[in-house]
Structure formats: structure tokens, C-alpha cells
Amino acid sequence: MAIRAMIFIDGCWLYKGRQALFDKLGEKGFEIDYKRIPDIIAQSLAEISGQEVDVVRTCYYGTIPVNKVGYNPAKQKVFYEFLGEQCGYEMDVMEIDFRKEPNAQPDNKWVNANLASEMTYLATVPGAYDVAVLVGGDADYVPVLQRIRQLGKRVQLVAMGAVRGHVISSKALVTATRCFDFPHIFMDEHASEFRLQRNMQTRLCMNCGKEEETTWGGEEFYCSECRAKRARRVRVCDNCGKEEETTWDKDFFYCSECRAKYRSGESTAPKQTVTTTEPEVIPPAPQPTTDTPTMKATLAPTPVAPKRTRRTTSVE
């Protein structure tokens with residue numbers, strides 16, 4: 001009978017630690033093949049345990065800034081959509097609203113608390129999983145992993161070893177007692193397997209129709225010339241009227257000087273003359289619309305966690 005494994009990925013830790021995989025192979029342009037992560041983990045866990053492994057769910061935890069001056073979250077949203085729609089991940093993304101918390105300093109603590117609470121909850125759901133696989137490296141997870149084992153579940157750690165003197169995974173986590181049931185899986189030892197392999201192909205630009213060789217595998221493709229034209233352009237600041245070259249593509253635009261003044265607490269009056277008898281109100285720095293769609297995926301308290309994808313790996 002296959003053991004049911006659920007993978008919990010600390011997205012902030014994986015993003016910061018991916019450089020270790022680059023250094024391990026000594027290659028430039030290294031990219032992680034996120035579609036293969038569940039398969040590689042399942043194969044390794046099957047070899048370690050000597051049992052078939054059924055990955056019932058792969059959960060990814062991350063954050064995204066909302067209403068942050070000068071930051072365009074479009075690229076980050078596309079990445080999260082790719083993980084959810086094309087990789088089959090269950091996405092749990094916490095929005096950090098900088099309008100409510102202008103001095104927020106997002107770090108892995110936001111993700112740690114979210115991941116730990118959901119891992120613990122699912123451990124209490126009958127039949128949800130047999131083995132919790134943590135892809136992370138912070139010592140903050142030690143208490144929750146000990147609690148998971150007290151609830152009768154087994155735990156597997158996917159971490160990274162030290163690469164060129166850089167410690168990616170906390171020693172306190174890697175050497176913790178009463179936390180793990182299997183030897184650790186170190187991603188740097190499987191770096192070549194996690195590497196995304198791209199094949200050169202000829203594609204048509206969606207803008208000008210020009211053919212160009214590329215390794216890009218996304219649904220949308222634009223040639224290098226069109227990308228360069230779109231990348232930077234001269235825009236007029238909505239506040240002071242100054243012209244500045246930028247890649248910002250929203251309807252509103254504020255120059256770097258006005259953004260710097262806003263961040264430092266100084267407000268600048270708009271250029272246009274106010275003719276109303278009402279007191280002049282200085283508008284705040286640019287903020288995206290407040291109806292930003294929530295990307296956090298939640299789990300209904302069903303007795304058994306539904307299967308998103310099923311990968312069964314056996315040892316020959």
C-alpha cells in the first residue's frame with residue numbers, strides 16, 4: 001500500500017536558496033523545474049522508505065506586496081499562476097497591503113506561520129496524509145514538526161547543504177531531534193535533476209509576427225526587438241510633470257524623485273491649479289486599485305483532503 005505524502009513548500013526560502021543550486025552546478029541561467037519537484041521528492045522518498053509514494057498534494061506558500069509604491073506585482077502574479085495552473089500546486093499566497101502597513105518588512109515569518117498552521121490542521125484531518133514533506137530550512141519549524149509527529153504523522157525534510165561556505169538550511173533544523181522519520185533529502189545533491197531543461201525552438205512574435213529562435217516555453221511570446229521597445233519608454237510624471245525613462249506600464253506614473261519624497265514622508269503638491277473653494281488635498285503617492293484579486297487558496301474542512309494531482313512512485 002502506498003504511503004500518502006503531502007508536500008509543503010516554503011516559497012520564500014526556496015526563492016532565496018535557489019542560488020545554492022546555481023553555484024553547485026557552476027552554471028549561469030539556471031532555472032528550477034517546478035513541475036518536477038513533486039516527482040523528484042516522491043522518487044527519493046520511495047528509495048529511502050522502500051515503499052510506494054503517492055503525492056496527494058503539493059502546497060506552496062508565499063507573499064505578494066499590494067499597493068506598494070514603485071512595485072509592479074504583475075510578474076510575481078504570473079509566476080504564482082504558473083505554479084497553480086501548470087504545475088498543479090495548491091497556492092497559499094498572503095497579500096501584504098502596504099497602504100495599511102507602509103513600513104512592513106515582509107520576510108519568511110509570514111510564510112512560516114501560514115505553512116505551520118495548515119500543516120498542523122491537515123494532520124488532524126483523517127486520511128489527509130501519512131507523511132508531511134517540508135521543503136524549507138528555518139529552525140522555526142522545529143516545534144511544529146515535533147507536534148506533527150505527536151499527532152501520529154511521519155515527517156521528511158527537503159533542505160540544502162552548505163554550498164561554497166553559504167549555509168542555506170539552519171543547522172538547528174537539520175540536526176533537530178524528535179522531528180524526522182527519514183534521512184534528509186538535500187536539493188543540492190540533486191541539482192541537475194531540479195534544473196529546468198529548455199529546448200531551442202522557432203516561435204512567432206505575438207506582436208509583429210517575426211520568427212525568432214528561443215527557449216521560452218510560455219504561452220505568450222514576443223521577439224527580442226518588441227520586448228526591448230516595450231521595456232523602457234519616456235513618461236511624464238503625474239505629479240511634477242518631469243519626463244523620465246521607465247518600464248512602469250500602469251495608467252499612472254510618478255518619477256523617481258516624487259516617489260523618493262513620498263517614501264521619506266514628504267508630500268509634494270500636484271502641478272495643476274486647484275480652482276475649487278474646498279481645501280486643497282494633496283494626493284498620496286500612486287497606489288494600484290484596491291480591488292486586487294485575492295490569490296490565497298483556502299481548504300474547506302472536509303473529512304478527507306481532495307487530490308489535486310496523483311503521482312505514484314515505486315522502487316524497482
Side-chain angles (χ1 to χ4, degrees), residues 3 5-51 53 55 57-63 76 79-80 82-83 86-89 107-109 111-112 115-116 119 131-142 144-145 148 154-177 179-199 215 217 309 311 313 315:
I3 57 176
M6 193 171 291
I7 301 174
F8 299 86
I9 300 177
D10 182 334
C12 292
W13 173 84
L14 183 57
Y15 179 80
K16 294 176 182 177
R18 75 194 192 286
Q19 185 63 45
L21 302 180
F22 307 167
D23 294 342
K24 183 71 176 182
L25 294 178
E27 298 180 7
K28 295 182 179 180
F30 181 99
E31 294 180 56
I32 294 176
D33 190 344
Y34 288 91
K35 292 182 179 180
R36 293 203 63 213
I37 288 180
D39 294 329
I40 296 171
I41 292 175
Q43 178 64 36
S44 299
L45 182 56
E47 294 173 355
I48 293 171
S49 65
Q51 296 178 266
V53 176
V55 178
R57 184 178 299 177
T58 299
C59 306
Y60 185 98
Y61 301 85
T63 61
Q76 196 171 353
F79 173 65
Y80 287 152
F82 163 76
L83 294 180
Q86 298 190 38
C87 299
Y89 288 10
D107 56 20
N108 55 351
K109 305 301 180 185
V111 170
N112 289 3
L115 187 155
M119 179 186 286
V131 178
V133 180
L134 171 65
V135 181
D138 298 327
D140 295 355
Y141 289 119
V142 170
V144 70
L145 296 180
I148 295 299
R154 289 181 285 176
V155 176
Q156 168 75 67
L157 175 66
V158 177
M160 292 190 196
V163 178
R164 297 186 182 180
H166 298 288
V167 177
I168 312 301
S169 297
S170 167
K171 184 178 179 180
L173 174 66
V174 175
T175 61
T177 59
C179 284
F180 308 107
D181 299 275
F182 309 98
H184 306 327
I185 298 172
F186 290 99
M187 295 184 70
D188 50 288
E189 296 178 359
H190 301 269
S192 60
E193 299 175 54
F194 284 108
R195 186 181 190 279
L196 177 63
Q197 301 292 338
R198 292 189 180 276
N199 299 319
T215 58
T309 56
R311 298 179 176 86
T313 305
V315 179

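All heavy atoms count here, side chains included; hydrogens, waters and symmetry mates do not.
- Atom CD1 of I40 sits about 4.5 Å away from atom CZ of F194, to the nearest 0.5 Å.
- Residues D33 and E193 form no side-chain contact, since every pair of their non-hydrogen atoms from C-beta on lies 4.5 Å or further apart.
- Atom-to-atom distance recorded for L134:CG and I148:CD1 is 10.0 Å, nearest 0.5 angstrom.
- Annotation: side chain of L173 is in contact with side chain of F180 (closest heavy-atom distance under 4.5 Å).
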* Intermediate values then yes/no, side-chain contact (heavy atoms from CB on, under 4.5 Å), V55 and V133 -> CA-CA 10 Å; V55 178; V133 180; over 6 Å; no
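- From E189, atom CD reaches atom OG of S44 across 9.5 Å, with rounding to the nearest 0.5 Å.
- Of all heavy-atom pairs spanning V144 and A116, the tightest one is CG2-O, 3.6 Å.
- I32 places a side-chain heavy atom less than 4.5 Å from the side chain of L14.
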* Give the C-alpha distance, both sets of side-chain angles, the deciding distance and a yes or no for side-chain contact (heavy atoms from CB on, under 4.5 Å) between D138 and N112. => CA-CA 8 Å; D138 298 327; N112 289 3; 3.5 Å; yes
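- Shown here for K35 and Q86, the closest heavy-atom pair between the two residues is CE-O, 3.6 Å.
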* For the pair V158 and I41, evaluate side-chain contact (heavy atoms from CB on, under 4.5 Å) and give the outcome as yes or no after the intermediate values. => CA-CA 8 Å; V158 177; I41 292 175; 4.0 Å; yes
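- H190 contributes atom NE2, which lies 11.0 Å from atom CZ of R36 (distance to the nearest 0.5 angstrom).
- When side chains are defined from C-beta on, V142 counts as touching C179, because their heavy atoms get closer than 4.5 Å.
- Remark: side-chain polar atoms of W13 are paired, donor with acceptor, to backbone N or O of I168 under 3.5 angstrom.
- Here the shortest heavy-atom pairing between S49 and F182 reads CB-CE2, 3.8 Å.
- Of all heavy-atom pairs between C12 and T63, the closest is SG-OG1, 4.3 Å.
- Checked options Y15, Y89, Y34; the residue passing with F79 is Y34 (criterion: ring pair (Phe, Tyr, Trp, His ring centres under 6.0 Å)).
- The main-chain N or O of I7 is never found under 3.5 Å from a side-chain atom of Q156 such that the two would form a donor-acceptor pair.
- With sequence neighbours left out, the ring pair (Phe, Tyr, Trp, His ring centres under 6.0 Å) criterion links F82 to no other residue.
- The distance from atom CG of L115 to atom CG of D140, rounded to the nearest 0.5 Å, is 11.5 Å.
- Remark: the backbone N or O of M160 is paired with a side-chain donor or acceptor of S169 at under 3.5 angstrom.
- Between F8 and Y61, the angle of the ring planes stays under 30°, which puts this pair in the parallel group of the 30/60° scheme.
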